[in-house]
Enquirer: 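Provided herewith is a single structure, encoded as structure tokens, for subsequent inquiry.
Predicted model, so just to flag it, every value in this text is computed and none were measured.
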Amino acid sequence: MTDPTTTSRYRKPGLLLALTPVVLTLLVLGIQLFYFGDFTPHIPLAIGLAITSLVGIRLGFKWKHIEAGVFHVIHVSLPSVSVLICVGMIIGVWIASGTVPTLIYYGLTLLSPAIFLAAAMLLCSVVSVSLGTSWGTVGTVGLALMGIGAGFDIPVYWTAGAVVSGAFFGDKVSPLSDTTNLAPAVTGTDVFSHIKNMMPTTVPSMLIAFVIYLVAGFTLIDDQAASFDKITAITAALEANFTISPWLLLPALLVIGLAVKRMPPIPSLFAGVLAGAVTAMLAQGVGVHDLLTYANSGYGIETGIDAIDSLLNRGGIQSMMWTISLILIALGFGGALEKTGCLEAIIRAIMTRVRSFKGVQTSAVLTSVATNLVAGDPYLSIALPGRMYAPTYRGLGYSTLNLSRAIEEGGTLVSPLIPWNAGGAFVISALGLGIVEGNVENLLYIPLAFACWLSPVIGLIYAQTGLFSPRASEAERELWQAQDEAIASRDALGAAAEATTTEASGRRAQPIG
């Protein structure tokens with residue numbers, strides 16, 4: 001994050017200059033995606049990083065300082081990249097072990113097509129709350145659900161929407177989640193109060209999404225319309241190529257159990273890789289060298305049934321490299337924007353125009369969404385607005401729990417809905433949506449992930465009406481004083497962001513541009 005004692009030595013960008021790298025990057029990105037029809041946002045984001053660096057040099061930064069900002073943000077997000085690597089190994093090994101095929105087999109034989117979407121959302125919710133990771137849920141249980149949906153002839157984008165809704169809901173309210181802990185940390189609240197305060201938006205959004213998936217199941221996806229010949233062919237192919245047994249679910253149960261015990265996510269996921277490897281050797285007769293290959297390059301099989309082959313020929317560390325490279329470039333771009341003060345200048349310009357709680361709350365949500373859109377990083381979209389807006393909430397006399405909810409919803413939940421964001425890139429890769437191969441229609445999962453966008457919309461409604469928008473308690477005010485937190489004057493709310501960044505240096509930098 002931007003170090004105020006460092007950036008205060010340099011000139012700060014005015015709004016026009018701050019917007020320049022953002023607008024130009026979005027323009028290049030739009031040309032790549034919509035004019036050329038090429039869904040590879042890597043180079044446009046790299047160009048954005050270069051443009052931002054030129055802006056930084058214009059402001060007096062040297063490259064080594066910009067580079068430090070880039071690598072700082074990348075470093076902060078390396079645990080998430082490590083999760084991606086573990087998930088890649090898990091996918092390859094759990095397919096070889098029969099864990100994923102068993103989940104698909106029992107899902108096809110036990111679930112009804114009509115209730116499948118609603119059940120998929122609930123299952124992903126439970127697993128994600130237990131694991132504390134939406135990415136781990138999407139890459140394991142979510143992948144199996146994609147196979148079940150294919151067996152039921154349910155459009156890929158409907159299944160992906162239900163999976164994303166459930167998985168990221170769980171990430172949002174799990175005390176084990178990194179983003180759920182980050183949001184209260186940067187706003188000065190505690191995690192359990194934060195989770196409780198999110199219930200007024202979380203519960204209605206999940207209920208509405210559940211009802212929509214049920215209605216879709218009974219109207220768009222009729223039991224009679226499902227191809228039972230296809231289901232029979234898939235289950236027969238699974239039985240012919242894998243040993244199918246409830247015992248093969250033990251690797252998944254182990255990971256969930258470790259998460260419930262509050263073990264760190266990376267060791268828990270790697271334990272799942274090891275458990276899957278042992279299961280593959282004992283139950284499926286897989287050799288050690290083959291397991292190493294599956295963990296690195298993914299599983300490979302030819303059953304003669306396209307639905308099975310396209311689903312099971314995946315996984316491995318290498319399958320995550322497209323996503324990892326995109327995340328690293330996007331994070332580098334976000335780090336450069338933050339280090340040069342461009343993001344701060346844009347947020348400061350927004351804050352000078354809001355004087356009421358409803359305006360500040362709306363701006364906090366939309367700022368998190370915009371940071372997700374531009375910087376491609378859910379962590380930055382939580383940390384930066386959380387730090388910048390907190391003094392304003394204190395000055396208005398409102399609890400910063402309102403802010404932590406706003407940035408959680410605009411950060412965590414919107415992340416998977418932006419294809420070039422870290423969350424969206426992972427969803428597209430892990431669920432095999434094939435966007436890069438030209439299956440652009442599968443991006444329909446974005447509007448169909450109802451819980452993810454309904455929650456911030458409901459939050460915006462509360463902001464306008466004042467519902468579920470707690471004022472600061474006396475105990476919270478005393479805590480602000482005890483911790484010497486920055487509190488913006490009601491007459492100078494627009495200077496809240498300025499106060500947080502110039503307080504340490506005791507002087508203002510001269511804006512240019």
Enquirer: Between K339 and H72, is the side-chain contact (heavy atoms from CB on, under 4.5 Å) condition met? List the steps.
Expert: CA-CA 10 Å; K339 184 68 177 181; H72 174 73; over 6 Å; no

Enquirer: Hey, does M198 have a side-chain heavy atom less than 4.5 Å from the side chain of L401?
Expert: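 They are not in side-chain contact.
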
Enquirer: Taking the side chain as C-beta and beyond, is there a heavy-atom pair between Y462 and N402 under 4.5 Å?
Expert: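 They are not in contact (no side-chain heavy atoms under 4.5 Å apart), so the answer is no.
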
Enquirer: Mind checking side-chain hydrogen bond (donor to acceptor under 3.5 Å, both in side chains) for H42 and listing every partner two or more places apart, or none if nothing turns up?
Expert: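 With neighbours one apart ignored, the set is S325.
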
Enquirer: Considering only distance and modelled atom types, tabulate donor-acceptor pairs under 3.5 Å from the side chains of residues 326-333, sequence neighbours left out.
Expert:
none

Enquirer: Just list the side-chain donor-acceptor pairs under 3.5 Å for residues 134-149, sequence neighbours left out, or say none.
Expert:
residue, atom, partner, partner atom, Å
S134, OG, D171, OD2, 3.4
T137, OG1, T133, O, 2.9
T140, OG1, G136, O, 2.6

Enquirer: Show your reasoning for whether side-chain contact (heavy atoms from CB on, under 4.5 Å) applies to F168 and V427.
Expert: CA-CA 11 Å; F168 283 82; V427 166; 4.0 Å; yes

Enquirer: I need the minimum non-hydrogen distance between V55 and C342, along with the two atoms involved.
Expert: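 Looking at all heavy atoms of both residues, the shortest contact is CG1-SG, 4.1 Å.
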
Enquirer: Partners of I43 by side chain to side chain contact (heavy atoms under 4.5 Å, CB included), sequence neighbours excluded?
Expert: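 Listed in chain order: I47.
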
Enquirer: Are any non-hydrogen side-chain atoms of M320 and I91 less than 4.5 angstrom apart?
Expert: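 Yes, at least one pair of side-chain atoms sits under 4.5 Å.
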
Enquirer: Decide yes or no for T25 and V374: does some side-chain heavy atom of the first lie under 4.5 Å from some side-chain heavy atom of the second?
Expert: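 Heavy-atom side-chain distance check fails, nothing below 4.5 Å.
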
Enquirer: Would you say N296's side chain and G316's backbone share a donor-acceptor pair under 3.5 angstrom?
Expert: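 No: the side chain of N296 does not pair with the backbone of G316.
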
Enquirer: Should L443 and I428 count as side-chain neighbours, where that means a heavy-atom distance under 4.5 Å?
Expert: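 Heavy-atom side-chain distance check passes, below 4.5 Å.
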
Enquirer: Between S165 and Y213, is any side-chain donor less than 3.5 angstrom from a side-chain acceptor?
Expert: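 Indeed, the side chains of S165 and Y213 share at least one donor-acceptor pair under 3.5 Å.
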
Enquirer: Which pairs pass side-chain hydrogen bond (donor to acceptor under 3.5 Å, both in side chains) with one or both residues in residues 415-432, sequence neighbours excluded?
Expert: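 Every side-chain hydrogen bond (donor to acceptor under 3.5 Å, both in side chains) pair that includes a residue of residues 415-432, provided the two are not neighbours, is T323-S429, N372-N421, S415-N421.
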
Enquirer: Tell me which pairs pass salt bridge (Lys or Arg N to Asp or Glu O under 4.0 Å) where either residue lies in residues 126-143, with sequence neighbours left out.
Expert: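 Of all non-adjacent pairs touching residues 126-143, none passes salt bridge (Lys or Arg N to Asp or Glu O under 4.0 Å).
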
Enquirer: Taking ring pair (Phe, Tyr, Trp, His ring centres under 6.0 Å) as the test, write out the residues that go with F210, two or more places apart.
Expert: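 Listed in chain order: nothing, the list is empty.
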
Enquirer: Please report the shortest heavy-atom distance between S174 and I195, naming the atom on each side.
Expert: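 Smallest interatomic distance, heavy atoms only, reads C-CD1, 4.3 Å.
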
Enquirer: Any luck finding a side-chain donor-acceptor pair between S455 and E409 under 3.5 Å?
Expert: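 Yes, E409 and S455 have a side-chain donor paired with an acceptor closer than 3.5 Å.
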
Enquirer: For residues 265-274, run the donor-acceptor check on the side chains, cut-off 3.5 Å, and write out each pair with its distance to 0.1 Å, sequence neighbours left out.
Expert:
residue, atom, partner, partner atom, Å
S268, OG, P264, O, 2.8

Enquirer: Between T371 and S381 (side chain of the first, backbone of the second, donor and acceptor by atom type, cut-off under 3.5 Å), is there such a pair?
Expert: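 No; zero donor-acceptor contacts below 3.5 Å.
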
Enquirer: Where the side chain of R405 meets the backbone of N197, is there a donor-acceptor pair that is under 3.5 Å apart?
Expert: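 Such a contact is found between R405 side chain and N197 backbone.
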
Enquirer: Mind checking whether L59 and P13 have side chains closer than 4.5 Å, heavy atoms only?
Expert: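 L59 reaches P13 side chain to side chain.
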
Enquirer: What pairs meet the salt bridge (Lys or Arg N to Asp or Glu O under 4.0 Å) rule with one or both residues in residues 446-464, with sequence neighbours excluded?
Expert: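 Not a single pair qualifies under salt bridge (Lys or Arg N to Asp or Glu O under 4.0 Å).
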
Enquirer: Look at K12 together with E344 and state whether they make a salt bridge at an N to O cut-off of under 4.0 Å.
Expert: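 Answer for the salt bridge query: yes.
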
Enquirer: For the CD1 atom of I90 and the CD1 atom of I95, what is their distance to the nearest 0.5 Å?
Expert: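 Reported to 0.5 Å precision, the distance equals 11.5 Å.
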
Enquirer: Between Y445 and T159, is there a side-chain donor-acceptor contact under 3.5 Å, judged purely by atom types and distance?
Expert: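 The criterion, which ignores hydrogens and geometry beyond distance, is not satisfied for Y445 and T159.
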
Enquirer: Nearest 0.5 Å please: distance from the CH2 atom of W94 over to the CG atom of L312.
Expert: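 Between W94 CH2 and L312 CG, I get 15.0 Å after rounding to 0.5 Å.
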
Enquirer: For A277 and L291, which heavy atoms make the closest approach, and how far apart are they?
Expert: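 That closest heavy-atom pairing would be O-CD1, 3.5 Å.
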
Enquirer: Is there a donor-acceptor pair under 3.5 Å between the side chain of D190 and the backbone N or O of S193?
Expert: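 Here the side-chain-to-backbone pair exists.
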
Enquirer: Is the closest side-chain donor-acceptor distance between H194 and S404 under 3.5 Å?
Expert: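 Short answer, yes.
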
Enquirer: How far does CG of L54 sit from OG1 of T340, to the nearest 0.5 angstrom?
Expert: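 Going from CG on L54 over to OG1 on T340, the span is 11.0 Å.
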
Enquirer: Can you check whether L16's main-chain N or O pairs, donor with acceptor, with T20's side chain at less than 3.5 Å?
Expert: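 A pair under 3.5 Å: yes.
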
Enquirer: Which residues pass the side-chain hydrogen bond (donor to acceptor under 3.5 Å, both in side chains) test with Y393, sequence neighbours left out?
Expert: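 For Y393 the side-chain hydrogen bond (donor to acceptor under 3.5 Å, both in side chains) partners, ignoring immediate neighbours, are Q361.
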
Enquirer: Could you measure the distance from the OH atom of Y157 to the CD atom of E441? Nearest 0.5 Å is fine.
Expert: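 Between atom OH of Y157 and atom CD of E441 there are 7.5 Å.
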
Enquirer: Look up atom CG in N442 and atom CG in L448, then write down how far apart they are to the nearest 0.5 Å.
Expert: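 Atom-to-atom, N442:CG and L448:CG are 10.5 Å apart.
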
Enquirer: Which residues pass the side-chain hydrogen bond (donor to acceptor under 3.5 Å, both in side chains) test with S399, sequence neighbours left out?
Expert: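 Listed in chain order: E476.
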
Enquirer: Main chain of T40, side chain of Q32: is a donor-acceptor contact present, judged purely on distance under 3.5 Å?
Expert: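 At least one qualifying donor-acceptor pair exists.
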
Enquirer: How long is the straight-line distance from CG of L117 back to CG of L122, given to the nearest 0.5 Å?
Expert: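 Answer rounded to 0.5 Å: 11.0 Å.
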
Enquirer: Can you name the nearest heavy-atom pair linking S53 to W63, along with the distance?
Expert: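 Looking at all heavy atoms of both residues, the closest pair is OG-CZ3, 3.4 Å.
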
Enquirer: Please name all residues satisfying side-chain hydrogen bond (donor to acceptor under 3.5 Å, both in side chains) with T52, sequence neighbours left out, ordered by chain then number.
Expert: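 If we apply the side-chain hydrogen bond (donor to acceptor under 3.5 Å, both in side chains) test to T52, skipping adjacent residues, there are no hits.
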
Enquirer: Between K172 and T179, does any side-chain donor sit less than 3.5 Å from a side-chain acceptor?
Expert: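 Short answer, no.
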
Enquirer: Keeping S297 on the side-chain end and Y294 on the backbone end, is there a donor-acceptor pair under 3.5 Å?
Expert: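 Such a contact is absent between S297 side chain and Y294 backbone.
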
Enquirer: Is there a side-chain contact (heavy atoms from CB on, under 4.5 Å) between F169 and T202? Walk through the geometry before answering.
Expert: CA-CA 8 Å; F169 154 81; T202 299; 2.8 Å; yes

Enquirer: Looking only at non-hydrogen atoms, find the nearest pair between T187 and R394 and report the distance.
Expert: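 Closest approach of T187 to R394, heavy atoms only: O-NH2, 3.9 Å.
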
Enquirer: Is T367 close to Y389 at the side-chain level, that is, under 4.5 Å between some pair of heavy atoms?
Expert: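 Yes. Closest side-chain heavy atoms under 4.5 Å.
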
Enquirer: Check A252 against T99 and note the closest heavy-atom contact, atom names and distance.
Expert: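 What the structure gives for the nearest pair is CB-CG2, 4.5 Å.
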
Enquirer: Are S205 and F450 close enough, and set up right, to give a side-chain contact (heavy atoms from CB on, under 4.5 Å), and what steps lead you there?
Expert: CA-CA 8 Å; S205 62; F450 298 106; over 6 Å; no

Enquirer: Report yes if some heavy atom in the side chain of K62 is under 4.5 Å from a heavy atom in the side chain of E67; otherwise report no.
Expert: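 They are not in side-chain contact.
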
